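Here the structure is laid out as structure tokens; the discussion comes afterwards.
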Protein chains: 2
Amino acid sequence: MPKVGMQPVRRQQLIDATIESVAEFGLQATTINRISEKAGLSSGIISHYFAGKQGLIEATVRYLLSNLKKVLMEGLTPTTTPEQRLMLIIEANFSRLQQQSETTKTWLSFWSQSMHDYELHRLQIVNSRRLFSNLACSFKQLMSDDDAKLAAQLCAAMIDGLWLRAVLSKSDENEFERCEYLAKNYVNSLIKQYGA
Amino acid sequence: MPKVGMQPVRRQQLIDATIESVAEFGLQATTINRISEKAGLSSGIISHYFAGKQGLIEATVRYLLSNLKKVLMEGLTPTTTPEQRLMLIIEANFSRLQQQSETTKTWLSFWSQSMHDYELHRLQIVNSRRLFSNLACSFKQLMSDDDAKLAAQLCAAMIDGLWLRAVLSKSDENEFERCEYLAKNYVNSLIKQYGA
DNA sequence: TTTTTTATTGAACGTTCAATTAACAAAAAT
DNA sequence: ATTTTTGTTAATTGAACGTTCAATAAAAAA
């Protein structure tokens, strides 16, 4: 100490600890003491690195969003067909459930809070629109523009609905797999219904 | 004072004030001071009538649930067909958006908190299962049992997904009507797909 | 008329919380 | 060798929170 270059390390530790705390206690009961304990650090360090609790919360949401985006990007290649891309979108959305079960539980907390927090709401809109436009972009290669928009809206709603119900019922991994299967099925039925 | 029989009056006032406060500030920032101010009463009265803040929160959720149930019951007659019943279920779910816009904003807060609160979670499960079984019961009169369960799950997810996306995007009433229309359309397509 | 009941308030209280900061230590820079 | 920088902690602070409760008032009951 000082071991120069600790900032990104500590920031990530705190973000990870935040995710863990929100998953376990909920956003409301997540205090900086709980976060710092999980990170094995002192509470003062949150103010130091993130200017306070709110900064840490926002950074955590941004981290989760960039993770979701990364999962999707990793599966895409130049030869990916529209159908495959749609399936990848679904996998990306449900894979976060399977691979990061703690992350799952935190989304609901953040979105609920986003209704009353300007910055979080802005991030949520980005997220929601990204899902919609990813879906619409792929559907557009399979059907007319208007139909693609409708299909994207319905598909996004189905994804979110299946996700919400699975999360709220505290389902296990089998249920999430089933939801992924159902969502993929629904994509196929949309393609059949509206496809050229 | 004492004007005998004030308990139910005051309880309802506090419940209404809670809904208003949660809609405006979110559950996390809803304090008993905020609630009592909106109700025009003192904060001590919350402890008196509900044994504390937690009791008031739970009573509020129960009130919202019973409201939802009532809206549905009001539309049913002995001659209601299964199709009509399905449409009524959808209207009941989306009508709470149109008629009680403050109520809408509070659901997300409550369900998010339900992940970390035993009693709220129990109530949420009741709510979720009620929607599913209402849908399944009607679908069963139109198709095989297995197909009815699947249709009910998909339909419930679509309803919840459309609702979630509309709420999170802070949509206006036109969007909610559109969601109701889309959900009804989806019910029809499910009947066509799986119906006998 | 007196006592009890109902209803309500607002202050006091202990606890919790996020933010601040003095202090310290060690590595890096001068 | 000295100074600066980086990193971190523990202690402190003041505000906010929910709960408790003594006190009060008026209606109802005896």
Side-chain angles (χ1 to χ4, degrees), chain A residues 1-22 24-61 106 109-110 112-113 116-120, chain B residues 1-22 24-61 106 109-110 112-113 116-120:
Chain A
M1 328 171 175
K3 205 188 321 186
V4 179
M6 289 305 291
Q7 201 195 62
V9 175
R10 292 289 183 249
R11 285 177 65 98
Q12 191 60 47
Q13 280 175 331
L14 288 168
I15 286 173
D16 291 337
T18 302
I19 292 169
E20 194 177 328
S21 175
V22 171
E24 185 174 348
F25 303 111
L27 187 54
Q28 182 166 336
T30 286
T31 61
I32 61 171
N33 275 346
R34 279 182 167 150
I35 295 171
S36 55
E37 274 169 18
K38 283 188 181 293
L41 305 166
S42 80
S43 65
I45 209 165
I46 292 176
S47 185
H48 179 69
Y49 281 124
F50 294 97
K53 183 183 179 184
Q54 179 70 8
L56 174 55
I57 297 292
E58 288 170 15
T60 303
V61 172
T106 62
S109 289
F110 289 133
S112 170
Q113 186 61 19
H116 309 282
D117 180 306
Y118 175 78
E119 185 62 23
L120 287 189
Chain B
M1 324 170 170
K3 205 194 303 186
V4 177
M6 290 305 292
Q7 201 197 59
V9 175
R10 292 287 183 248
R11 283 176 64 97
Q12 191 59 48
Q13 280 176 330
L14 289 168
I15 286 173
D16 291 337
T18 301
I19 292 171
E20 193 177 329
S21 175
V22 171
E24 185 174 350
F25 302 112
L27 186 54
Q28 182 167 337
T30 288
T31 62
I32 62 169
N33 275 345
R34 279 183 166 150
I35 293 171
S36 55
E37 273 170 20
K38 283 187 182 296
L41 305 166
S42 79
S43 66
I45 208 168
I46 292 176
S47 184
H48 178 70
Y49 281 124
F50 294 98
K53 183 183 179 184
Q54 180 70 8
L56 174 55
I57 297 292
E58 287 170 15
T60 302
V61 172
T106 64
S109 288
F110 287 132
S112 169
Q113 186 60 18
H116 308 282
D117 181 306
Y118 176 78
E119 185 61 25
L120 287 189

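All values reported here derive from a predicted model rather than from experimental measurement. Naming: A, B, ... by sequence-line order, numbering from 1 per chain.
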Subject >> Gly44(B) backbone acceptor or donor facing Ser47(B) side chain under 3.5 Å >> reply: no

Subject >> Whether Arg10(A) side chain and Tyr49(A) backbone form a donor-acceptor pair below 3.5 Å >> reply: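 No; judged by distance alone, with no hydrogens or angles, the pair does not exist.
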
Figure out the [atom1]/[atom2] separation between [X] and [N], and round it to whole Å.
X	N	atom1	atom2	result
Ile57(A)	dC17(C)	CD1	P	14 Å
Ile46(B)	dA11(C)	CD1	C1'	16 Å
Phe50(B)	dT20(D)	CZ	C1'	18 Å
Tyr49(A)	dT9(D)	OH	C1'	12 Å
Asn33(B)	dT9(C)	CG	P	13 Å
Arg11(A)	dT6(D)	CZ	P	16 Å
Met6(B)	dA28(D)	CE	C1'	16 Å
Gln28(A)	dC17(D)	CD	P	12 Å

Options [options], nucleotide nearest the side-chain atoms of [X]:
X	options	value
Ser43(A)	dA11(D), dA28(C), dT19(D)	dA11(D)
Lys53(B)	dT8(C), dA18(C), dG18(D)	dG18(D)
His48(A)	dA11(C), dC17(C), dT8(D)	dT8(D)
Val4(B)	dT8(D), dA28(C), dA28(D)	dA28(D)
Ile32(B)	dC17(D), dT19(D), dT8(C)	dT19(D)

**OP:** Answer yes if the side chains of Thr30(A) and Ser21(A) hold a donor-acceptor pair under 3.5 Å, and no otherwise.
**Re:** yes

Original post:
Can a donor-acceptor pair be found between the side chains of Glu37(B) and Asn33(B) at a distance below 3.5 Å?
Top reply: no

Subject >> 5'-most by nearest nucleotide on DNA chain C - Ser42(B) or Gly44(A) >> reply: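 Closest to the 5' end, via its nearest nucleotide, is Ser42(B).
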
Original post:
At under 4.0 Å between heavy atoms, what does Ser47(A) touch on the DNA or RNA strands: base, sugar-phosphate, or nothing?
Top reply: base

**OP:** Pick base, sugar-phosphate or nothing for Gly52(A), based on heavy-atom distances below 4.0 Å to the nucleic acid.
**Re:**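 The answer is sugar-phosphate, as Gly52(A) gets under 4.0 Å only of primed atoms, P, OP1 or OP2.
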
Original post:
Are OP1 or OP2 of dA7(C) and a side-chain N or O of Arg10(B) less than 4.0 angstrom apart?
Top reply: no

**OP:** Run the salt-bridge test on Lys38(A) and Glu24(A) with the 4.0 Å N-O cut-off and return the result as yes or no.
**Re:** yes

